[in-house]
Each structure stands twice: as C-alpha cells, then as structure tokens.
A.B. asks: 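Questions regarding the structure given below will be posed in turn.
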Protein chains: 2
Amino acid sequence: MPTIDREIHRFQEFLLHQGQKLTKERTALVREIFGTHYHFEADELLFKMKQKSVKISRATVYRTLELLVKSGLVRRVHLGEDHYHYEHVRGDSHHDHLVCTACGSVIEFNDPELEQRQLEICARKKFTPTFHNLQILGVCDSCRRKGEQPASPDRVMSIGEGAMRLRK
Amino acid sequence: MPTIDREIHRFQEFLLHQGQKLTKERTALVREIFGTHYHFEADELLFKMKQKSVKISRATVYRTLELLVKSGLVRRVHLGEDHYHYEHVRGDSHHDHLVCTACGSVIEFNDPELEQRQLEICARKKFTPTFHNLQILGVCDSCRRKGEQPASPDRVMSIGEGAMRLRK
DNA sequence: TCGCAGCTGAGACTTAGTCTCATCCATGCC
DNA sequence: GGCATGGATGAGACTAAGTCTCAGCTGCGA
Ligand SMILES: [Mn+2]
Ligand SMILES: [Mn+2]
Ligand SMILES: [Zn+2]
Ligand SMILES: [Zn+2]
C-alpha cells in the first residue's frame, strides 16, 4: 500500500520538523488507522492493536492520536456520544455528520450553503469563527424502513464496531 | 419570585404524573437553577448549593437534572468542553451557540434559514432528523478588540463561573 | 396520621483520558 | 557501523465526570 507509506512520510516530516521521532509504535498506528478504520475510537484502536499482537500502551495511543491531529492527518470529532471519535482527513474537505441513533451508522455531508449561512450568522453577531461542530441525530433510511424508532436524544446506539472493553 | 413558583409547579405536575415526588431537595434545585444560572454545569450547581449550606448530594443533583431534562424545563447541551452544560428552557425556542474560546462567553442564536437548510440536507440523504447539536467556536467581538487569538479548537477557556473543585 | 413507594446521602464504582518515571531507542554525528 | 542523548515508551497511578448501591428517610394519598 503505497498510499499509507505516503501518510507515514507526511507524519514523519511533521515530526522531524518539531524534533520528534517516528517510532515503530507510531508507524504501526498510522498503518492501522489509514489501512482500516473510518470513524473510530481510541479504545477501539488500542484493542485492534492488541488483537494483532502489536503491543502498544494506551498512553502511546492517546499521545499518537494527539500528534496526528496536530499534524492534520487525523481529525477528532464529536458524534453525540460521551467520548471522542477520530477520522482520517482524506484530501482535506471539512464535513459534518448525520448519525443514526438506531444502527450507529454515520453519513457525511459537506454543504457549502450551510457553511455560508453559518458565516453570515457569525458576521451578524460580530463573531470570528475558527471551528464548528455539527451533528444531526436521527434515523437513517434503512433503519426507518425497518420501522426503527428515533431514540432519545442522548442515547446513540454505539457507533462503529464497539471496541470491546480492555481494562478489567 | 412568582415565576419560579410556576416552574416548580410545572415540575411537580410532571413528577406526579409519573408517580414521583417533589422533595425539598428538588425544590431547592429548581429554585437555584431558575433563579440564577444560565449555562451551568452540574458540579457548579452542586457547589452553589454547598455555598448556601443547602446540603444536597451529587447523586441528587444529577438525578434531578435528568428529571428536569425529561420534563422539558431544562436542556442539556454540549458547548465544546469535555462535560455537559445545562440551560433552562425559557418559552421553548431551540437555539444553537457561538462559544468564545478566549473568554468563555456564549452567544445564542436561532436562525430559521440554517435550520431549514439542515432539513433539506437530511431530505437529500433520506435521513429523518430528531435532534441536532451545533456549536461554533471562535472569538467574540470584545475579545477580538482586545487582540485575543483564537485558541486551539479543543481548548475552550472555561465557560461560566468555573465551579471550584468539590472533591478532594 | 400512617404506610410505603419513592427519595436521599455517602461513597464505591466506571469510563475516558492524563500523568509519572524508570527504561528504551531513533536519529544525527563521528 | 558505533555512540550519545533527548525524545518515546509502558505500566499503572491518577483525575474528571458521571453512575450506581443500599440502608435509612420522607412526601403524599388514603
Ligand atoms: Mn467524518
Ligand atoms: Mn443556550
Ligand atoms: Zn440506521
Ligand atoms: Zn470572548
């Protein structure tokens, strides 16, 4: 996978630029993240590494995710659950999320008109925006057909593959 | 304050309807919430009660907030920090938030055009929305004038009055 | 006024994430 | 390649925010 090697290279460039090092743990994490996952959780990543018998500590997972976010390769997002999710930044494009509270699936969208309207609101309030965070919770098409009911606002049914607890 | 008594009455109606009781602890919390705060944290509320020598446990604070949310008198919101905030629902109107990362102030807005655009996006994706959550982080007008720089996306400078730690 | 279903407080527990520190190793320089 | 060294790692203690348990208390309808 030459694509992943390019991500690793980009990460190394970022690291070296700050006098930091590309270790085998960091390489393994980048490989895992860009090889498999999409919206994932820190603990899920930790579990996947354990499964593959690649021994990496929780501290390193969190530290590496923080570096990846700083480097711009990964983005940290809220999806309506009580913990963060991460996603790899492909290309660049900002997007927001529709989250199905019945099956946990996530639909991405990028709507320039919506973004524009947000800027207008900020201008009207003399507010200088740097960042925003929008999730729309509801029921996806296939769940609606199956007759799934909208869940209570704050109970999203686990997004992603549900990382299997690691701590005893 | 006859207004607060009306809120208390509404809460009692809600409770009785479910075979639940209006206790003095619940009354005291409603009085505090509707008398003083706006966007507040659970721990902040706990601290305020302690200050006033009204002895209420953390468990009761959280349990009462949950009931108030269910009753529709209070709403639980994300404002870009790692914990929830609560606000009293006055009238009814849904709104979203601009959060200043320099001073922690919160500006509310309700923009029907933005809401409409969200519905259009959902329709296009055949998604049935039930709820959404939008925060725009940035720098408010008065902070911008003071030359405050936009903080890193995930470091909001404490919103509200910063509840003073209670646990040792 | 009484009975009891529902409520409370103290503190143990949980989840998600951060921090510490002794030890390890990636990189740059010879 | 070998070495030096400052950054990185792992184990596990620690923290923050919130949930749960259970013995004793209390609001409220009869
Ligand atoms: Mn995404
Ligand atoms: Mn608000
Ligand atoms: Zn679904
Ligand atoms: Zn400000």
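Each chain gets a letter, A, B and so on, in the order its sequence line appears, and its residues count up from 1.
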A.B. asks: Measure the acute angle between the ring planes of A/H97 and A/H95, then classify it against the limits of 30° and 60° as parallel, tilted or perpendicular.
C.D. replies: perpendicular
A.B. asks: Is there a donor-acceptor contact under 3.5 Å from the side chain of B/N110 to the main chain of B/H94?
C.D. replies: yes
A.B. asks: Near DNA chain C, under 4.0 Å by heavy atom, which residues of residues 18-28 of chain B?
C.D. replies: B/G19, B/Q20, B/K21, B/T23, B/E25, B/R26
A.B. asks: Side chains of A/H39 and A/E108: donor-acceptor distance under 3.5 Å anywhere?
C.D. replies: yes
A.B. asks: Over how many whole Å does the gap from B/D82 atom CG to C/dG17 atom P extend?
C.D. replies: 8 Å
A.B. asks: Over how many whole Å does the gap from A/Q12 atom CD to C/dA26 atom P extend?
C.D. replies: 12 Å
A.B. asks: Can a side-chain donor-acceptor contact be found between B/H88 and B/E7 if the only test is distance below 3.5 angstrom?
C.D. replies: no
A.B. asks: Think B/T60 has a side-chain N or O under 4.0 angstrom from the OP1 or OP2 of C/dG9?
C.D. replies: yes
A.B. asks: Less than 4.0 angstrom from a charged side-chain N to a carboxylate O is my criterion; do A/R31 and A/D5 meet it?
C.D. replies: yes
A.B. asks: Specify the residue among B/L16 and B/A59 whose closest nucleotide of DNA chain D lies further upstream toward the 5′ end.
C.D. replies: B/A59
A.B. asks: Are the ring centres of B/H78 and B/Y84 closer than 6.0 Å?
C.D. replies: yes
A.B. asks: Based on the rotation axes of five pairs at each end, what angle does the helix from C/dT1-D/dA30 to C/dC30-D/dG1 bend through, to 10°?
C.D. replies: 30°
A.B. asks: Taking the basic N atoms (NZ, or NE/NH1/NH2) and the acidic carboxylate oxygens, is any pair closer than 4.0 Å for A/R117 and A/E120?
C.D. replies: yes
A.B. asks: For B/E66, which contact category applies under a 4.0 Å heavy-atom criterion: base, sugar-phosphate, or nothing?
C.D. replies: nothing
A.B. asks: Would you kindly give the NE2-to-P distance between B/H83 and C/dT18, to the nearest whole Å?
C.D. replies: 15 Å
A.B. asks: Should A/Y62 be listed as having a side-chain N or O under 4.0 Å from OP1 or OP2 of C/dT18?
C.D. replies: no
A.B. asks: Looking at B/R63 and C/dG9, is any side-chain donor or acceptor paired with a base atom of the opposite kind under 3.5 Å?
C.D. replies: yes
A.B. asks: Taking atom C1' of D/dA8 as reference, at what distance in whole Å does atom NZ of A/K55 sit?
C.D. replies: 17 Å
A.B. asks: Would you kindly give the CD-to-C1' distance between A/E44 and C/dA16, to the nearest whole Å?
C.D. replies: 14 Å
A.B. asks: Grab the CZ-P distance between A/R58 and C/dT15 for me, whole Å please.
C.D. replies: 12 Å
A.B. asks: Over how many whole Å does the gap from A/L45 atom CG to C/dG17 atom P extend?
C.D. replies: 12 Å
A.B. asks: Keeping A/R26 on the side-chain end and A/K21 on the backbone end, is there a donor-acceptor pair under 3.5 Å?
C.D. replies: yes
A.B. asks: Would you mind reading off the distance between A/L46 atom CG and C/dA16 atom P, rounded to a whole angstrom?
C.D. replies: 12 Å
A.B. asks: Are A/F11 and A/V74 close enough, and set up right, to give a side chain to side chain contact (heavy atoms under 4.5 Å, CB included), and what steps lead you there?
C.D. replies: CA-CA 10 Å; A/F11 191 35; A/V74 162; over 6 Å; no
